[in-house]
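Below, read A as the first sequence line, B as the second, and so on, with proteins coming before strands; counting in each chain starts at 1.
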2 protein chains.
Amino acid sequence: MKKIQVIVAEDQGMVLGALAALLETEPDIAVCARAANGREALSAVGKLKPDVLVTDIEMPEMTGLTLAGEVKERYPQTRVMILTTFARPGYLRRALDAGAKGYLLKDRPSAELADAVRRVHQGLRVVDPDLAVEAWDSGPDPLTERERQILWRAGEGKSSGEIAEELHLSEGTVRNYLSEAISKLGASNRVEAARLARSKGWL
Amino acid sequence: MKKIQVIVAEDQGMVLGALAALLETEPDIAVCARAANGREALSAVGKLKPDVLVTDIEMPEMTGLTLAGEVKERYPQTRVMILTTFARPGYLRRALDAGAKGYLLKDRPSAELADAVRRVHQGLRVVDPDLAVEAWDSGPDPLTERERQILWRAGEGKSSGEIAEELHLSEGTVRNYLSEAISKLGASNRVEAARLARSKGWL
DNA sequence: CGTCCCCCCTGACATTTGTCATCTCCCTTT
DNA sequence: AAAGGGAGATGACAAATGTCAGGGGGGACG
């Protein structure tokens, strides 16, 4: 009997080790490699051609979302399952667009992990149902690329002037984009707008 | 030979289960209970009187820091070890003040966990060295209680007027406190001030 | 071809934010 | 009793922010 070969990617060492230990307790699953970031994960997938890649989203070097896209493109025999803290509609959408087969939240009971891996391995989709609903009715990302860039920086505490300089725009233009973003998101100032966009996974 | 009895508290189900699995692989450690929040953890500690409590900080119901204080007070035979994502000087200081014996980051390799548990069990202190240094030279929390309340709300995107109403203050007073906080933190506006304070663990 | 959308700009305006000096009240400490 | 010190307030001013109306110049698409 052949075990399901799994690679786990996760930047927090403690959590990486713990998840691996958890999966190793399953008789039909084997963790054939661990990766601390997206780049490592991609090269490990290239070398070992595992059945399933379980990956976090927010990681240094390469995001789990980018990673999912690369793996889908270059090693389509490996199915990707996202495992993340963030219940953000925008993340889910991007994950599925990038070819991920599963999207599981770290909130869920740990008993679900092995099962999700098995399902994804069988070619089924595994998507958190609550999040899927939320993703459905919160609609698509309303922000343009420029608005995203600017709102991101505003959320970091930068002034309109600083943002303008950084992006080689006039300050008035920056204020216009911010105003537009604020109204699109139904916020009442840049801070609230940035928080809202972040919570949706649009930033 | 008696195993070290450990309770793990962590609000992300997946991580909770994984950490428990990781600890269970050690021959001299037994996980006698799991808790999904601070309240659960406290009552479990009361019932089982474990040797060590490993707990996250940011949890619903009761913070790991509050929990540490309660356990220290009511069940001093149980040693508390904080296990968290956040390398924030203010968190470390509060944890130690609350009587925690260890402060470990989820960034660290998973191999360190069991060892840290053993050391804490022996009565030794385990503190992340880099963080300890940072905590040392970033000094103590410079904010007053009012400043903290106001800065927190400002960071959520509330306007001075809204904050004033919420706290039954005049708007001018709110602006004064914000101005004071901004200057104490060396920031150039409320957003940057809030981010800075958060990153230090003062919010 | 026209239309739409995105990008970028200007100028004007109202509002909010950040800063300072100054004042009252109340509570400690000496 | 006097001297501080914290919490809260006021008023005034400069600077940053948010909003509107308008105007260019593309690229995409029917």
Side-chain angles (χ1 to χ4, degrees), chain A residues 65 89-90 93-94 97 138-203, chain B residues 90 93-94 97 139-200 202-203:
Chain A
L65 296 173
R93 192 173 297 248
R94 279 192 268 164
D97 285 351
S138 78
D141 183 348
L143 300 175
T144 68
E145 187 51 32
R146 265 304 191 217
E147 287 162 356
R148 216 187 321 285
Q149 289 175 6
I150 290 174
L151 193 51
W152 170 272
R153 287 165 173 81
E156 284 185 341
K158 292 184 174 145
S159 70
S160 307
E162 288 170 325
I163 298 173
E165 198 169 352
E166 198 173 336
L167 300 181
H168 310 292
L169 296 174
S170 89
E171 186 185 323
T173 302
V174 169
R175 296 222 301 279
N176 285 340
Y177 279 123
L178 277 171
S179 180
E180 188 59 24
I182 289 167
S183 99
K184 275 181 179 175
L185 297 171
S188 60
N189 58 55
R190 51 177 73 192
V191 184
E192 199 188 329
R195 286 177 61 87
L196 232 159
R198 247 197 298 276
S199 80
K200 296 286 191 179
W202 295 333
L203 269 197
Chain B
R93 192 172 297 247
R94 279 192 269 164
D97 285 352
D141 183 346
L143 299 176
T144 68
E145 188 51 31
R146 265 301 191 222
E147 286 161 357
R148 216 188 320 286
Q149 289 174 5
I150 289 174
L151 193 51
W152 170 273
R153 287 165 173 80
E156 284 185 340
K158 292 185 173 144
S159 71
S160 307
E162 289 170 324
I163 298 172
E165 198 168 353
E166 197 171 337
L167 299 180
H168 310 293
L169 295 174
S170 90
E171 186 185 324
T173 302
V174 169
R175 296 224 301 278
N176 285 341
Y177 279 122
L178 277 171
S179 180
E180 189 58 24
I182 290 167
S183 98
K184 275 181 180 175
L185 297 171
S188 59
N189 59 53
R190 50 177 73 195
V191 184
E192 198 188 330
R195 286 178 60 87
L196 232 159
R198 246 197 298 275
S199 78
K200 296 286 192 177
W202 295 333
L203 269 197

Colleague: Taking atom P of D:dA7 as reference, at what distance in whole Å does atom NE2 of B:H168 sit?
Modeller: 18 Å
Colleague: What closest approach, in Å, do A:G155 and A:A194 show between heavy atoms, and which atom pair accounts for it?
Modeller: CA-CB, 3.8 Å
Colleague: If I compare all heavy atoms of A:E156 with all of B:R195, which pair ends up nearest, and what's the gap?
Modeller: O-CD, 3.3 Å
Colleague: Once you round it to whole Å, what is the distance between C1' of D:dG8 and CD of B:E180?
Modeller: 13 Å
Colleague: Could you state the atom-to-atom distance from CZ of A:R146 to P of D:dG25 in whole Å?
Modeller: 19 Å
Colleague: Counting N and O atoms only, with roles assigned by atom type, does the side chain of B:E192 sit under 3.5 Å from a partner on the main chain of B:S188, one being a donor and the other an acceptor?
Modeller: yes
Colleague: Working note: B:D141 + B:R93, criterion salt bridge (Lys or Arg N to Asp or Glu O under 4.0 Å); need CA distance, chi angles, decisive distance, verdict.
Modeller: CA-CA 10 Å; B:D141 183 346; B:R93 192 172 297 247; over 6 Å; no
Colleague: Mapping A:L178 and B:L169 onto DNA chain D by nearest heavy atom, which one lands closer to the 5' end?
Modeller: B:L169
Colleague: When the C1' atoms of the five terminal pairs at each end define the local axes, what inter-axis angle does the helix from C:dC1-D:dG30 to C:dT30-D:dA1 show, to 10 degrees?
Modeller: 30°
Colleague: Base contacts versus sugar-phosphate-only contacts with protein, heavy atoms under 4.0 Å: please encode nucleotides 21-28 of chain C as B, S and - from 5' to 3'.
Modeller: --------
Colleague: Expressed in angstrom and rounded to an integer, what is the separation of A:Y177 atom OH from D:dA16 atom P?
Modeller: 22 Å
Colleague: Got a donor-acceptor contact below 3.5 angstrom from the A:R94 side chain to the A:G201 backbone?
Modeller: yes
Colleague: Over how many whole Å does the gap from B:L151 atom CG to C:dG18 atom C1' extend?
Modeller: 14 Å
Colleague: Hey, does A:V174 have a side-chain heavy atom less than 4.5 Å from the side chain of A:L167?
Modeller: no
Colleague: Both A:T173 and A:K184 contact DNA chain C. Which one's nearest nucleotide lies toward the 5' end?
Modeller: A:K184
Colleague: If I take atom CD1 in residue A:I150 and atom P in nucleotide D:dG18, what distance separates them, rounded to the nearest angstrom?
Modeller: 12 Å
Colleague: How far apart are the closest heavy atoms of A:A197 and A:L151, and which atoms are they?
Modeller: CB-CD2, 4.0 Å
Colleague: Does C:dG18 have OP1 or OP2 sitting under 4.0 Å from an N or O in the side chain of B:S179?
Modeller: no
Colleague: Work out which heavy atom in A:W202 is nearest to a heavy atom in A:G139; give both atom names and the distance.
Modeller: CZ2-O, 4.0 Å
Colleague: Where do A:A193 and A:L185 come nearest, in terms of heavy atoms and distance?
Modeller: O-CD1, 3.5 Å
Colleague: Tell me if the CD atom of B:E171 is crowded by more than 12 foreign heavy atoms within 6.0 Å.
Modeller: yes
Colleague: Considering only nitrogen or oxygen atoms on both sides, find all protein atoms under 3.5 Å from nucleotides 13-17 of chain C and state each distance.
Modeller:
unit_1, atom_1, unit_2, atom_2, d
C:dT17, OP2, B:S160, N, 3.1
C:dT17, OP2, B:S160, OG, 3.1

Colleague: Does A:T144 make a side-chain N or O approach to OP1 or OP2 of C:dC6 shorter than 4.0 Å?
Modeller: no
